[in-house]
Each structure stands twice: as C-alpha cells, then as structure tokens.
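The structure appears below as structure tokens.
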2 protein chains.
Amino acid sequence: MSRDSRHDILFEPVPIGPKTLRNRFYQSPHCTSFGAEVPSAQAYLRGMKAEGGWAAINTEFCSVHPSADSRPLISARLWDEDDARNLAPMADMAHEHGSLAGVELWHGGGIAGNLETRIAAGGVTQATEWGVGGYRLDKAGIRRIQGYYVEAAKRARDAGFDIVNVHGAEGGAITAHFLMAKMNDRSDEYGGSLENRARFWIETLEQVKAAVGDECAVTARLCIETYNGGPLGIRAGEEAYGFIELADHLVDFWDLQAGGWSAAEWAGDDAKASRFVPEFDDRKYVEAVRGATAKPIAAVGRFTNPDTMAEAVRAGTIDVIAAARPSIADPFLPKKIEEGRYEDIRECIGCNICASRFPQSAPIICTQNATVGEEFRRGWHPERFEPAANAEKTVLVLGAGPAGMECARVLGERGMSAVHLVDEQEAIGGSVRMVSAYPNLGEWGRVINYRQIQLEKLANVEVIPNTRLDAEGVLTYGAEIVVLATGAAWSADGTTALNPMPGAELECVHSPEGVAAAGGEIEGEHVLVYDVDSYFTGVAMAELLLRAGKQVTVVTPSPNLAQYMFFTGEGFRVNRQIRAAGAKIVTDHLVTEVGPDGARGQNVWSPDPVEWAADAVVLVTERQPRDSLYREVTADPERLEAEGIEHVYRIGDCVAPRLIAECVFDGHRLGREIDSPDPTMPLPFLRELPNFQTAVQPR
Amino acid sequence: MSRDSRHDILFEPVPIGPKTLRNRFYQSPHCTSFGAEVPSAQAYLRGMKAEGGWAAINTEFCSVHPSADSRPLISARLWDEDDARNLAPMADMAHEHGSLAGVELWHGGGIAGNLETRIAAGGVTQATEWGVGGYRLDKAGIRRIQGYYVEAAKRARDAGFDIVNVHGAEGGAITAHFLMAKMNDRSDEYGGSLENRARFWIETLEQVKAAVGDECAVTARLCIETYNGGPLGIRAGEEAYGFIELADHLVDFWDLQAGGWSAAEWAGDDAKASRFVPEFDDRKYVEAVRGATAKPIAAVGRFTNPDTMAEAVRAGTIDVIAAARPSIADPFLPKKIEEGRYEDIRECIGCNICASRFPQSAPIICTQNATVGEEFRRGWHPERFEPAANAEKTVLVLGAGPAGMECARVLGERGMSAVHLVDEQEAIGGSVRMVSAYPNLGEWGRVINYRQIQLEKLANVEVIPNTRLDAEGVLTYGAEIVVLATGAAWSADGTTALNPMPGAELECVHSPEGVAAAGGEIEGEHVLVYDVDSYFTGVAMAELLLRAGKQVTVVTPSPNLAQYMFFTGEGFRVNRQIRAAGAKIVTDHLVTEVGPDGARGQNVWSPDPVEWAADAVVLVTERQPRDSLYREVTADPERLEAEGIEHVYRIGDCVAPRLIAECVFDGHRLGREIDSPDPTMPLPFLRELPNFQTAVQPR
C-alpha cells in the first residue's frame with residue numbers, strides 16, 4: 001500500500017521562526033514520570049518518537065527554578081547545569097532523526113507544593129491549602145520569576161533544544177494563574193483588565209524571546225477553554241482569543257489545548273477520555289483562533305485518523321497535528337501514515353491509563369503500546385523484534401484476551417515456527433469484547449482491532465476461535481510451549497478481603513457479566529450496585545442500568561465513585577455525570593449483607609448499621625483468576641514430559657486480575673523473553689541510580 | 001550538669017548474637033523517602049544518629065527483589081549490587097561512630113503495587129484491588145521469595161551491615177500476611193494453625209540465619225498488637241507471643257511494635273500520634289513478651305524521657321530503647337542523656353509530620369528538627385553552627401512563634417552580636433500556644449519548651465514579651481537586620497478561592513481563634529463547623545465544641561474529615577473517634593452561604609442545594625498572613641536607610657501560612673543563611689541525579 005495523496009499535506013514542512021518542522025506532526029508535552037531524574041528513559045522514550053516520524057518531541061512540564069517544585073509529581077527540571085546535561089540527550093536523539101526538541105517551561109506559582117525544596121510558593125494571589133502556603137508576589141518577586149524563565153530558556157538552548165514553550169495550559173502554571181480572572185484578584189497593573197492579566201505572561205515571553213528567540217522557536221501552550229464553572233475558569237471567547245491577539249507577535253506558533261487538570265473542586269479535564277469525547281472534539285474552539293493569529297496553530301485532539309488530520313489542515317483549522325496520547329500508543333504514527341501503512345496504526349483508545357501514572361509518580365504505561373517507557377530499560381523497540389533463540393518451537397496460546405492476543409503477536413513477530421491462538425469465543429478479544437461494549441467505551445475495542453489485523457498478517461500465527469480446550473485438550477494439543485491466558489471473572493459470591501457476601505446466592509443478586517449480557521435489563525426497578533473495585537466497571541453497571549430505566553444506587557467504600565478515575569482524569573466528570581443522570585451515590589460505606597429487599601451495611605468509620613432498599617443487587621467486588629486449567633495442566637510434570645510439553649506459562653488476568661494495560665504488557669513481556677533462561681520472571685532491566693557523594697558544604 | 005546515675009543502665013552494652021550494641025539506644029527502621037535512590041542524603045541522615053549516640057541505625061523497609069516494588073512509596077532496596085553500593089556508606093558512617101547498621105528486609109507479597117517493575121504480585125492469598133492483582137503463591141513461589149531474602153541478606157552483609165531484620169510489622173510484609181489468620185486462607189502447610197501460618201516467616205529466618213547469622217545479628221520486626229477489628233488483625237495474646245516462642249531460637253533480639261499502617265478499610269495506626277497515646281503506651285503488650293523469649297527485647301514507645309526508659313529497662317520490660325520519631329526530632333538524644341544535658345533534649349511532639357511525607361513520596365521533615373533530611377544536601381548539623389560572617393550585626397526578630405523562635409535561636413547560636421526576640425503576647429510560642437491548648441495536642445507545646453530553654457542559654461539573645469511594635473516602632477528600634485515573623489490568622493470572612501462567604505459577618509459566625517479562646521463555650525446548641533483546611537484545626541474545633549456539650553456537624557469539601565491526617569496516620573482513628581463522640585460528619589460538601597439558622601451548600605459533584613440547621617457556624621477555611629507590617633516597614637527604602645536598617649526579611653506564616661514544621665524550617669534556614677549573598681532565597685542545595693547512560697540491551 002502507498003500513501004493516499006490526500007495525506008500528502010501532512011508531510012509539508014512548517015516554518016516556526018528560526019526553525020522548521022519537517023512535517024506537521026508534533027508530539028505535545030506529556031508526562032512520563034521520568035523528568036531529568038531518569039534521564040536515559042526520558043531520552044529513549046522521546047527519541048523513539050523522533051524515529052517514528054514526529055517532527056518535534058517535547059519534554060513534560062519543566063520547572064524553571066526550585067521555587068516551583070512539583071514533587072511528588074515528577075516534572076522535568078532546568079534548575080541547573082546537571083538538569084541541562086540530563087535533558088540534552090533527548091535533544092540529540094531528536095536531531096539524529098531530523099526532528100526538533102522542545103522544552104515546556106513551567107513555574108507553578110502559588111500552587112507549587114515545594115515538598116522537596118521547602119520554598120514558600122509565591123504566585124498571583126494569596127491562597128492556602130492544607131498548610132501549603134502561596135503568597136502574593138510583589139513586583140520584585142514577579143521580576144525574579146521572569147528571570148528564572150530566561151535562565152531556564154538559555155539552559156535549554158545551550159542543551160540543544162530548538163523550541164522553548166512558555167507554558168500556561170491546564171491550570172497549573174503561573175502564567176495562566178495571572179491570566180485567569182477568577183484566580184487573579186490583584187489591583188496593580190497585573191490584575192483587572194485582560195491586558196493587565198496578560199502582562200505577566202507577555203513580559204515573560206518578551207524576555208524569553210529576547211534571550212533565545214534568534215536561535216529557538218518560541219511558543220506558548222495555552223488553554224483556550226476550561227469547560228468548568230469553577231472559580232478558575234477562563235472563558236474561551238474573548239479571553240483566550242484576546243490573549244492570542246495580544247501575544248501573537250511574541251510566538252512562532254501556538255500550542256493549544258482545552259481543559260484543565262487541577263484540584264477536585266475546580267477541575268475540568270485535560271486529556272479528555274474517549275468515554276467523553278470523540279477525536280478533535282475541541283474543533284469548535286480551535287476554529288475561532290485563526291482570526292486572532294498570523295502564526296501557525298498546533299492543537300491536540302487525540303488524532304489517530306489521517307483523514308481527520310488532513311481535513312483539519314486543509315480546512316485551515318490547524319497547521320500542526322499536536323498529539324500526546326496518540327504518540328504514546330504509536331510512536332510510529334507519522335511514519336506509518338507517510339508510508340501508507342494505515343493498517344499498522346496502533347490507535348490510542350483514550351483510556352488515559354498513561355495519564356494515570358503521573359499522579360501516582362510512577363512511570364508511564366499504555367494499554368496499546370506495551371513498550372512505552374521500556375525503550376531504554378528493557379531495550380524494547382515498538383516496531384522491531386529479534387528472532388527468538390527457540391524459534392523452532394511451537395506454541396499454543398489459550399485465551400485471546402489482551403494478554404493472549406499480544407503474546408501471540410509478539411511470538412509471531414519473533415518468528416516462532418507456529419503459534420496457535422485458541423479461544424472459546426467466536427471472536428478474539430476476551431474481556432475487552434465485553435468491556436468495549438460498555439456504554440461510552442467503544443474505542444477500547446481498538447485493542448482488539450489492531451491485534452486482529454496484525455495477527456492476520458503473521459503467517460506463522462493461526463487464530464482458532466470457537467474452540468474450548470480442557471486440560472486433556474491442552475496436554476494433547478501438540479504444542480511444545482503452552483501459554484495460558486484464560487482471564488478472570490468477577491467474584492460471584494461478592495468476596496472482599498477473603499469474605500464472601502452473605503446473601504450473594506440470592507436470585508436478585510447479579511454479576512457484572514450478567515448485567516452486561518442483559519444490557520442492564522435485569523428484573524426489578526431499583527438496583528443497588530456495590531462497587532468495591534472503584535474503577536470503570538461500577539460506572540458501566542450504573543450507566544447500563546440507567547439506560548435500561550432503572551433507579552440506581554451505587555454504594556462504595558471508596559471516598560469517591562470510581563476512585564481510580566481520579567488518576568485517569570475521568571473522575572471529576574464521571575462523578576458529576578452519573579449524579580446528573582439520576583444515580584444516587586453513597587460513598588464511604590460497606591455493604592455487609594444482601595437480602596431480597598436490598599442491602600445492609602455501615603459507614604467505614606462507624607459501626608452504626610445502614611439499610612438500603614433495592615429489588616436487585618450487582619456485586620462489583622473483585623475479580624478472580626480463571627486459573628484452574630493452569631493447575632490441572634501443570635499438576636503432573638511427567639505427563640507434560642510425555643506429551644512433549646517443555647514449558648507451561650500463564651499471563652494476564654489468569655495470574656492476577658489487573659489493568660488491561662498490564663495484561664497486554666504481561667503478554668508482550670513473555671513474548672519478548674520466551675527464550676530467556678527463566679521466562680516466568682522478567683529479566684532484570686537497566687536502572688538509573690545516582691552515586692553516593694561526599695558532602696562538600698560546611699557542616 | 002552530669003548524668004543521673006539512674007540513667008547509667010541505658011549505657012550498658014547489649015550483646016546481640018555476633019554483634020554488640022554499645023548502649024541501649026536503637027534507631028528503629030523508619031522511612032525517609034531516600035531509599036537507595038538518594039544515597040548521600042540517606043547515609044548522612046542515618047550517620048548523624050550514629051554520631052548522636054544511637055548504638056544502631058537502620059534503613060527504612062528495604063525491598064529484597066523487584067517483585068516487591070513499593071513505588072510510588074520509597075523503600076530502600078537491595079535488588080542488586082548497585083543498591084548495595086548505595087547503601088554501604090550508611091554502614092560505614094555507623095561504624096565510624098562505633099554503631100551498628102541494620103537493614104529491614106521487606107517483601108510486600110500480594111500487596112506490592114509494582115508500578116515500576118510491572119511484576120504480578122504474589123502473596124499468601126488471592127486478592128485484588130483496583131486492578132492491581134495479587135496471586136496465591138505456590139510452593140515454588142514461596143521458595144523463590146525466601147531465596148530473595150537470602151540473597152538480599154548476603155548483599156547487606158557484604159555492604160557492611162551488622163543487623164539483618166526479617167521484617168513483618170505494620171501489616172505490609174509478606175511474613176506478616178502469612179501469619180495473620182484473617183489474611184491467610186490457605187489450606188496447605190502454610191495456613192491454618194499458628195505453626196502453619198508462622199512457617200513462611202520461620203523458614204525465611206532459618207535460611208537467612210544460615211546464610212549470614214555467623215556474621216550478622218538476625219532479628220524480626222514484629223507487630224504484637226494491631227488494635228483494629230478489621231480483617232487483618234492479629235491478636236496480641238497467643239498469636240504474637242506464640243510466634244515469638246516459635247521463632248525465638250532464630251533471632252538474636254526482638255524488634256517489637258504495635259499498630260499497623262495499611263489501607264483505609266483495615267488500618268490501625270503505626271506511629272501513634274501524641275493526640276492518641278502517651279509515651280510507651282504499649283507497655284502492657286510488651287510486658288507479656290518477656291515470658292515468651294530468652295532474647296533481648298527492643299520496643300518502640302516514642303521515648304523521650306530518660307526516666308521512663310531507665311525504669312522500663314530496670315523493670316525488665318525491655319532491654320533496648322527503640323525509637324524512630326524521637327531519633328528524628330533529636331539525633332543526639334542518647335548523647336545528651338549520656339552527658340547529662342537533659343535540658344537540651346529536643347523532644348518529639350508526636351505530630352507525625354515526619355510520617356506524613358512518606359505517603360507523599362517526599363523527603364522527611366520534622367517539626368522539632370529543621371535539619372533532618374538536610375544533613376547532606378544543605379550541610380546542616382543539628383547541634384553545630386558556624387559563626388556568621390556578619391555576626392557584628394544586631395537583629396530584631398518580631399514575633400515569637402515557631403519561625404521567630406527558631407530564627408532567634410539559630411542567630412544566637414551563630415553569634416550575632418545582639419538578637420532581640422519581641423512578641424506582643426506575655427509568653428513566647430505564637431500560634432503554637434493556641435494549638436498546644438487544643439484537646440489532645442498538649443505535647444505540641446514542646447516546640448516552645450525546647451526553644452525557651454535554649455534561648456535562655458544564649459547570652460546574645462534577649463526575649464522581650466508583652467511588647468507590641470508598629471511600623472514606626474520597628475523602624476526606630478535600632479536593629480540593623482529586621483526579621484518579621486508576625487504569623488497568620490484564620491480568614492474571618494470565610495474566604496475560599498478568593499471568595500468571601502456570604503453571611504460571614506453574622507454574630508453567630510465564629511473564627512477558630514474565637515472558639516479556642518472560649519474553650520468551645522460559644523452561644524447556641526448546634527454548631528456547624530465548615531472545614532476546608534482539613535487538617536487538625538477542624539478536628540480541634542469539633543472536639544472543643546463536643547467537650548462544651550454542643551451538637552456538632554462538620555461539613556467539609558474533602559472526601560474525609562481531616563484529609564491531611566491520612567498522611568500523618570491519624571486519619572483512621574480520628575475519623576472513627578469523632579463520629580463515636582457524636583459529631584455528624586458531612587464530607588464532599590461545599591458551604592456556599594451561612595445564615596442565622598444554619599448554612600446552605602451543595603455536594604461537590606452536584607448543583608442540588610443542601611441545607612443544614614445550626615445555631616452557630618465556625619469557619620475553618622484558610623489562614624491569611626499578617627503581613628501588613630512587612631509592607632509598611634518596607635514601603636520606604638530611604639527611611640530604612642536613614643534608620644540604619646540594612647535588611648528586612650520575613651519568615652513563617654506571615655509569608656505564607658503553612659505547617660508548623662515549615663515555619664520552624666523557614667526560621668532556621670534564614671538563620672543559617674543570614675550571611676549569604678541573598679538571604680531571601682535559599683542557597684542551592686546539593687542534588688543527587690543519575691547520569692545518562694546508553695542502552696546496551698538489544699533493540
């Protein structure tokens with residue numbers, strides 16, 4: 001296949017001040033939890049995107065000075081020469097592939113936690129939270145912070161960076177704090193009118209441009225719409241567009257985004273999950289920008305479809321395809337489009353698991369791309385595989401869920417002589433088939449689509465659906481290596497902390513699988529969902545039941561509905577939406593018993609009993625592995641030997657139920673290491689540790 | 001002064017297997033968020049305690065293998081030679097001072113998050129939480145984990161460690177998971193009877209002892225009482241004592257603790273705050289141990305009083321004074337007792353701010369000891385100060401709260417020619433005077449006591465109470481350097497996010513200061529406390545009002561009462577106690593308006609209005625700095641010059657209201673850097689960063 005000429009426009013160069021993007025693909029800044037503290041992982045992850053065709057790669061938000069320390073959240077930093085030295089390899093790797101490297105300069109103003117540096121946080125106004133103070137900067141303080149931006153910009157330039165981004169999106173940066181009318185209560189020339197509120201940012205841009213603008217492209221990441229009605233909202237219309245007009249002469253292009261990521265009370269959402277919006281949903285906000293600027297416009301939109309991209313460029317809405325999540329799911333997205341290999345695109349599913357690691361200060365992961373974050377430490381390339389040392393072996397992979405599909409794919413890529421992927425269902429996908437049929441999670445089906453296409457292309461892999469194998473069937477199948485990926489099921493007896501739920505055997509009690517199969521149309525008017533899992537399944541149950549016209553009460557021991565979604569950034573909107581849709585949410589409560597008329601329980605902090613009336617109960621407590629087959633198959637080592645089975649492995653949920661991303665990873669990992677000395681345990685990975693130093697300061 | 005002979009017993013050596021503790025002071029394992037990743041800070045922090053007289057220093061919990069990765073929480077690690085190399089300097093520093101170094105070996109079993117290593121967590125049973133799986137280990141898996149302990153123990157020995165602790169306290173380790181009947185549902189020889197449940201730990205001890213027991217002392221950190229009624233409790237009686245009997249031949253001493261730190265549903269408390277218990281409150285549990293063991297007993301009890309310590313040893317209850325928090329508040333506690341310098345002891349206040357940084361993955365801090373964690377990076381010694389380069393200057397410190405007291409103390413230690421500490425109140429302490437009078441916070445008054453004594457000892461420091469200075473008074477005072485530490489006050493108008501609360505001006509609306517001054521005896525029967533701050537003040541208000549016989553409702557936008565106390569480990573017990581005492585707690589709700597009959601508001605996730613009836617309202621929204629004096633004093637630079645004032649600085653809450661610990665730090669920092677080029681901004685500190693590496697694995 002070759003490229004459709006409609007997409008040629010995506011490969012036109014875009015001049016940005018003193019630099020030129022070699023095509024229209026721009027990896028927008030996104031977090032990794034690597035920063036400058038895990039420099040090799042940082043460089044290799046970003047460098048992979050340059051190799052994959054992105055014309056620019058960017059750091060995550062990058063603190064300009066110790067007075068803005070985001071710990072425990074991990075930003076990049078340009079505090080000193082050591083930071084610059086650690087970020088420089090990323091720029092070098094960009095250049096190796098003809099790409100540009102950008103740095104997203106950030107100062108947190110009054111909301112920086114400074115848990116590491118212990119400096120009082122100064123910002124636009126005076127506000128406190130949990131004893132972490134923020135104080136109102138005087139003019140000397142403003143000058144000082146602007147000076148930090150300049151120093152950091154110079155360090156970035158000297159480290160080889162091509163683009164300096166004076167960041168103000170997502171509600172976390174001092175530039176935006178000054179701009180936002182609801183956060184800026186100043187009565188001096190930095191508060192009041194739009195011109196005044198824009199002054200801090202514009203002066204900073206002026207100073208940065210004067211310092212490095214001849215050598216670096218200068219841009220500003222701007223939020224053009226915050227969605228929420230909270231105290232920090234800026235209005236999309238005159239405010240954002242007005243700022244663009246005021247600052248247009250100072251930037252070489254605009255880096256635009258909508259939605260803010262911030263504390264619970266005021267947050268909108270930044271990386272908007274596919275459950276909420278389709279590709280380029282912000283188009284209506286971005287379209288209005290053209291009239292306010294003479295500069296190229298880059299904007300994000302979870303772009304994965306080259307038709308959408310090309311049309312948006314052709315229509316004049318944007319000039320540059322900015323993308324964070326799509327570049328994580330497929331670092332080679334531009335190259336695949338360039339080469340017309342559309343079927344190989346691994347599309348982002350918009351689940352935001354990538355984003356969920358940042359608030360946990362943990363390395364980035366991805367549901368679609370098991371290699372992200374593993375480029376350096378495990379030496380994994382998303383598109384290249386080494387032939388396996390034991391490639392002559394035949395492999396049976398039983399269970400075509402996320403782990404099984406991915407394992408079969410990697411084993412196929414590694415050239416195993418024959419890989420059979422067997423599943424009892426009529427199509428591959430396993431648990432993802434059910435999950436992607438949940439309300440609003442349709443895009444999660446891309447986990448299956450990508451793998452289905454890849455598996456079809458692999459001559460050594462055979463997909464065998466509609467086939468149930470018992471232990472005897474596995475033992476006599478004829479494979480030398482057996483990989484069991486038989487998944488998990490929701491506990492039918494409502495087990496939590498090893499205790500089954502009294503009453504779980506009643507007819508009015510349902511499993512998530514049962515509710516999903518019935519499309520929510522179960523018996524009874526009023527349904528109580530008991531959600532201990534506190535991620536997407538409880539929400540899906542509520543949504544299915546609401547769609548079926550039920551009265552819904554969700555009881556959860558978590559302090560919020562869908563607690564994990566506060567990591568993925570879905571929590572704010574989901575908690576509002578489900579209530580607005582009519583569900584009653586009871587947080588902080590345990591259910592201790594179910595009966596034909598409802599359930600009994602208590603507040604987690606108090607023994608007083610509480611009762612809830614309901615006609616039916618859905619138990620979303622925990623998943624349990626379907627591992628009996630593994631035990632049966634491995635029970636008799638002599639029998640295995642007699643059947644010529646050299647190894648039996650298990651992967652994914654049937655080991656321990658976990659995130660889809662971790663199941664994909666588990667399958668991928670086994671495939672990558674099928675020829676290691678002991679594939680049951682991952683090979684050690686390269687670590688990045690500092691060395692002990694002797695204190696040199698006076699003591 | 002010289003040592004009281006009653007305390008001589010504390011300085012007797014204690015043989016522990018192949019090693020000997022030089023005295024009875026043992027720094028028990030505690031977290032720092034340094035681990036092996038910040039090796040210099042780790043070594044210097046622990047080494048300072050060896051210098052201060054502790055006969056043994058220990059790491060925090062130390063993972064034995066990548067299959068137990070605690071990220072984002074920071075443990076030490078002994079996964080490989082790099083970790084060993086990074087922990088070895090700590091052992092060297094212990095030896096320099098004649099002390100021993102211990103390592104607390106840990107494997108998290110099925111509850112390890114493994115967010116960094118991505119290995120499925122195997123443990124005693126099958127349980128899931130938020131998609132993070134834990135699977136039931138088979139016997140091969142058990143052997144493998146035991147082998148990891150042995151390998152880590154050997155690495156510790158080779159790195160110079162003297163004590164190997166097979167840790168099982170606080171509910172987080174696989175050893176304890178096997179032991180706890182409520183977590184162990186196995187039907188094999190590792191489940192059921194106490195002997196069976198103890199088997200995993202005992203076998204591990206056997207193997208570790210066989211590997212390193214000739215060269216290292218072997219111990220086990222054991223929780224002898226979990227307090228809570230949750231599913232993971234072990235009973236203090238036959239269970240813990242029974243285990244001690246079973247394992248007694250395998251340890252060289254016992255390292256005992258009570259309380260567990262774990263997930264919300266089952267947690268008791270580990271480091272018990274002074275609000276709950278006095279010194280050595282666990283004595284009754286520890287006393288019963290003597291009959292079960294022939295080995296020395298070390299136990300913690302927030303020991304700061306040498307009389308309590310000596311009596312507990314003399315009574316035969318314990319042999320070794322184990323301490324974490326007291327060793328943080330005063331690394332020189334043993335030496336001060338040894339030298340009879342009792343008045344110099346900086347007693348732990350039991351606020352648990354130290355512990356609050358670990359769940360935030362941030363470096364340890366301490367309310368009493370501003371130098372903890374700063375030993376390496378800022379080169380601060382808790383007991384030594386360099387003469388200031390500008391020591392000839394005179395200093396006025398206005399405001400004798402935590403920042404002002406500490407700053408005056410440090411300036412005095414640094415030999416400034418004259419330091420006047422002036423305060424309008426009749427005694428020093430500032431905000432800590434009010435706070436330490438809150439129910440159950442009496443020990444927080446130690447912040448004042450220590451500084452009062454030290455200030456009295458400093459001939460160059462004069463404390464001047466009962467003196468109010470206005471700007472004119474400051475300007476004409478005659479000091480060359482002015483330090484303003486005028487504190488903060490609770491917002492009287494109920495400001496949140498810059499908006500005052502409608503109705504805040506009503507007579508029925510009270511400030512925390514007002515309620516504190518009235519001892520809770522305000523008008524009205526039913527009082528609503530609106531707590532946005534969500535730390536100790538809201539709790540104190542509720543407690544004061546309950547004591548005064550009021551009906552109390554606490555409304556908070558936080559998902560829990562006193563959200564910050566989930567970092568300090570107080571949250572679980574406080575949330576239960578306040579409810580049990582009769583307060584009604586309404587979480588997740590905003591108050592938007594107060595009136596004479598109560599307040600109106602809404603759920604944070606829903607616009608539907610909610611009303612609460614009340615006769616009075618207390619607004620705990622945010623504190624605002626008392627900084628008008630700073631602005632007045634600095635308004636006219638010419639006047640300053642004319643008056644001979646060379647510098648005006650401000651510190652503590654009057655810059656930005658924050659934790660008491662951070663105010664103490666801020667005052668200390670200014671004192672340490674009063675002679676730096678720009679004391680308004682901290683000097684750069686030494687950082688610990690790894691270097692970029694080139695990937696060597698196949699790609």
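By convention in this document, chain letters (A, B, ...) are assigned in the order of the sequence lines, proteins followed by strands, and residues within each chain are numbered from 1.
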* What pair of heavy atoms forms the shortest contact from Gln126(A) to Ala656(B), and how long is it? ->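 The pair with the smallest heavy-atom distance is NE2-CA, 4.3 Å.
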* Work out which heavy atom in Leu115(B) is nearest to a heavy atom in Pro363(A); give both atom names and the distance. =>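 Heavy atoms of Leu115(B) and Pro363(A) come nearest at O-CD, 3.9 Å.
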* Asked: Do the side chain of Ser40(B) and the main chain of Phe692(A) share a donor and acceptor less than 3.5 angstrom apart?
  ->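 Not a single qualifying donor-acceptor pair exists.
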With only heavy atoms counted, which part of [X] is less than 4.5 Å from chain B, the side chain, the backbone, both or neither?
X	value
Ala370(A)	backbone
Asn691(A)	both
Ala580(A)	neither
Asp608(A)	neither
Arg77(A)	side chain
Asp653(A)	neither

Distance, nearest 0.5 Å, that separates [atom1] of [X] from [atom2] of [Y]:
X	Y	atom1	atom2	value
Ser606(B)	Ile578(A)	OG	CD1	13.0 Å
Glu116(B)	Arg377(A)	CD	CZ	6.0 Å
Gln360(B)	Ser361(A)	CD	OG	10.5 Å
Tyr44(B)	Thr694(A)	OH	OG1	4.5 Å

Side chain, backbone, both or neither: which part of [X] has an atom under 4.5 Å from a heavy atom of chain A?
X	value
Thr117(B)	both
Asp588(B)	side chain
Asp666(B)	neither
Ala41(B)	neither
Asp185(B)	both
Arg631(B)	neither
Pro66(B)	neither

* To do: Ignoring hydrogens and angles, state whether a donor on the side chain of Thr680(B) or Arg144(A) is under 3.5 Å from an acceptor on the partner side chain.
  =>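 Checked: Thr680(B)/Arg144(A) side chains pair up, N/O donor to acceptor below 3.5 Å.
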* **Test: Arg118(A) cationic atom under 6.0 Å from Phe685(B) six-membered ring centre, within 45° of axis** =>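 Here Arg118(A) fails the 6.0 Å and 45° test against Phe685(B).
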* Would you verify whether the NZ or CZ of Arg650(B) falls within 45 degrees of the ring axis of Tyr135(A) while also being under 6.0 Å from that six-membered ring's centre? => yes
* **Stepwise side chain to side chain contact (heavy atoms under 4.5 Å, CB included) test for Asn575(B) and Val604(A)** => CA-CA 9 Å; Asn575(B) 267 274; Val604(A) 295; over 6 Å; no
* Test Arg687(A) against every option in Asp69(B), Asp82(B), Asp80(B) by the salt bridge (charged side-chain N to carboxylate O under 4.0 Å, His left out) rule and name the one that passes. =>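 Only one option passes, and that is Asp80(B).
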* Quick one: does Glu37(B)'s side chain get under 4.5 Å of Glu688(A)'s, heavy atoms only? -> no
* Go through Gln577(B), Arg136(B), Arg85(B), Arg669(B) and name the one with the most non-hydrogen pairs under 4.5 angstrom from chain A. =>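 If we count pairs closer than 4.5 Å to chain A, Arg85(B) comes out on top.
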* **Residue selection (most heavy-atom pairs with chain B, distance under 4.5 Å) from Ile365(A), Val38(A), Thr495(A)** => Ile365(A)
